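Since the structure comes first, as structure tokens, the remarks are kept for the end.
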Amino acid sequence: MAIVETKNIKKTYKQGKVIVEALCGIDLIVDKAAFVALAGPSGSGKTTMLNIIGGLDLPDSGSVIVDNNCFADMNQADLASLRLHKIGFVFQAFNLIPVLSAIENVEYVMLLQGVPKIERCDRAKGILDDVGLKGKYDRRPAELSGGQQQRVAVARAIVSNPAIVLADEPTANLDSKTGEDLVLMMKKMNTEKKVTFIFSTHDKMVMDYATRLVTIKDGLIVNDEIKA
Amino acid sequence: MYIILAWRNIWRNPRRTIVILMAVIIGVWSMIFLGALMRGMETQMVKNSISTLTGSIQIHNQNYRNDPVVENSMDNIDKLDKALSKTQDPGTLWAKRVRVNAIASNARHATGVTLVGIEPEKEVKISFIGNTMISGRFLLPGDKNKIIVGKAFLKKFNTKIGNKLILMSQDTQKEIASKAFRIVGIFSAESEAVEKQFVFVPISQAAKMLKMGDSISEISIILPRLDITGKKETQAAKKLITAIGDDTFVVETWQQLLPMIKAYLEMSEFFLYIWYFVVFVAMGFGIVNTTLMAIFERMREFGLMKALGMRPFQIIKGVVTETFFLLVLGILTGIILGFLSVVAIAKNGIDLSALAAGTQMWGIPRILYPEIWARDVVVAGLVVLLLGILVSLYPAFKAAGVTPTTAMRKN
């Protein structure tokens, strides 16, 4: 069952007087509970593709449907609501709110969703335990390592049971061991909780864990490989 | 959590927060302190003016104020006494007076004065004269041919207690009336002009000299509590007018009797609000500047929040909550400091003697005692809080308008 469906996505940017074609017509269907890697060199359009799937950016043309929600029919408020309830984000850096503790960062999304405090707290603790941060609930981001911070970001992304989690180069700022641990943890969430992950990367190790590898180059999908 | 987030955000950069807090504290403190000085001065001005024979309310013959001569005195006093007893609240005091222009003279000097015939036992409770005797004694109801004069008058006439003073005026039959009085007491007043202008004798003596019979020039009334806004006085005067029901009598409040003081109070109020505005404008720039700096530093974070699904109004709410905390903290501290400053100088006041010579005419006191009005504290606090929140909306909207993808690309 498709959770994400894009058709002929095109996107151009203006950089000064130069128009850059970031995406040149991308068709992509991602099934529920997939673990998809978008690979490709820098500037290939991976982040733009993730931003468009996440409703952070709108395509110049083409259609995007996420969990049966067609972006063409939605305004900014609808998109914000969709991001809040259906999509989890993990960014490369600056993922967490620095003045909030780990548990508060995880609770924050649920707060925006209007989840009652006791339930928020229980769910946040549970998910932090799942990502291996038991006992570190009250640590502020500055008191956590880079890998731990990304785990908190993953916990925040999946705590509300979103339809998909979009991760933009989540291991880029981590050493290889920490990066692998993070990917393993994401993989575990994918397997156990059936969370759909779509992440961009150019890290070979991360690609190896993906069940599907979509390679983008110059704004086009040049390879789409389903792995065993 | 919104509150926790806002509170922690304002302490991200403690130095910057303390700087803007100081601006708010000093602004609010200056509003409260300057307001207290002005209010203290206003209240004392009104009190001095009222106690200098004006009273809260006065009753006169309808022609007396334009032409204060004995012919324009009031008869049928029982009617006025009954109206006063019927309408005035408990604690209200009044006294009758005879008041005419006269010439005072002794062997070497002569000068124009206001001769005031008073009921000593009542006058002592309603005007300054009861509390300002510095030598000799006050008048007694049965005193005959006794007079009290001001310190400056005594000096000008180069005379002393026990000496005689001749008073001369026109009586009700338009004849010159004169009478010799012996000085029995000396009073001192806030103003030298008052000390030179007024001389006091028992009302019976003044009436006898001027052949007034039972007529009097005025009734001065003091309400139990001074209302500087004049509302209570106006209400009391209205009741009195209705009860008297006679157009030959005029009932006026101190605001009508002292139009210059009234105008000064209005002007003073206006200047106080101008001051509030000036302080706020200076503070407002600081608030906008600091909030903008804080917003620009956190643009990536606002981008992240919007990416997570936060709505623009929630970001505005967050930024405004931060400003609210800053302002409330600054306002409360400023008010407390304002109170402490006023308490510190309330006991001894501020000595304005060096400036007093030119200000006595206005009834401005020699020693200024500050007075905090709850209304001023509330207005100062609300001005800073509401306008502060208003100016913080600009940075708040800036933060709310951020595009996640653009904001998160910023370094």
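The analysis underlying the following values was restricted to heavy atoms, covering all of them including side chains, and did not include hydrogens, waters or symmetry mates. Below, read A as the first sequence line, B as the second, and so on, with proteins coming before strands; counting in each chain starts at 1. All of these numbers come straight from a predicted model, not from anything done at the bench.
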* Flag yes if more than 12 heavy atoms outside Ile118(A) fall under 6.0 Å of its CD1 atom; otherwise flag no. => no
| Hey, is CZ on Phe324(B) packed in by over 12 heavy atoms from elsewhere, all under 6.0 Å? | no
Okay, Ser160(A) and chain B: the region with an atom under 4.5 Å from a heavy atom over there is neither
Closest non-hydrogen contact found for Leu56(A) with Pro404(B) is CD2-CB, 3.9 Å
For Arg311(B) and Ala80(A) the tightest heavy-atom approach is NE-CB, 3.9 Å
Note: Ala307(B) and Phe89(A) closest approach over all heavy atoms is O-CE1, 3.3 Å
- Message: For the CZ atom on Phe285(B), are there more than 12 heavy atoms of other groups (residues, nucleotides or ligands in this structure) within a distance under 6.0 Å?
- Response: no
Separation between CG (Asn9(B)) and CG (Leu100(A)), nearest 0.5 Å, reads 8.0 Å
Rounded to the nearest 0.5 angstrom, the CE-CZ distance for Met310(B) and Arg83(A) is 12.5 Å
Discussion item. Is it the case that atom CG in Asp218(A) sees more than 12 heavy atoms from other parts of the structure closer than 6.0 Å?
Written reply: no
**Report entry** Heavy-atom neighbours of Phe277(B) CZ exceed 12 at 6.0 Å
**Finding:** no
Does Trp373(B) CH2 have over 12 foreign heavy atoms under 6.0 Å away? yes
field: Side chains of Pro312(B) and Gln76(A) in contact at under 4.5 Å (non-hydrogen atoms)
entry: no
Counting heavy-atom pairs under 4.5 Å with chain B, the top scorer among Ile97(A), Asp57(A), Val109(A) is Ile97(A)
Within a 6.0 Å radius of atom CD1 on Ile3(B), are there more than 12 heavy atoms belonging to other residues, nucleotides or ligands? no
Taken to the nearest 0.5 Å, the spacing of Thr405(B) OG1 from Leu58(A) CG works out to 9.5 Å
Rounded to the nearest 0.5 angstrom, the CG-CG distance for Leu304(B) and Leu96(A) is 8.0 Å
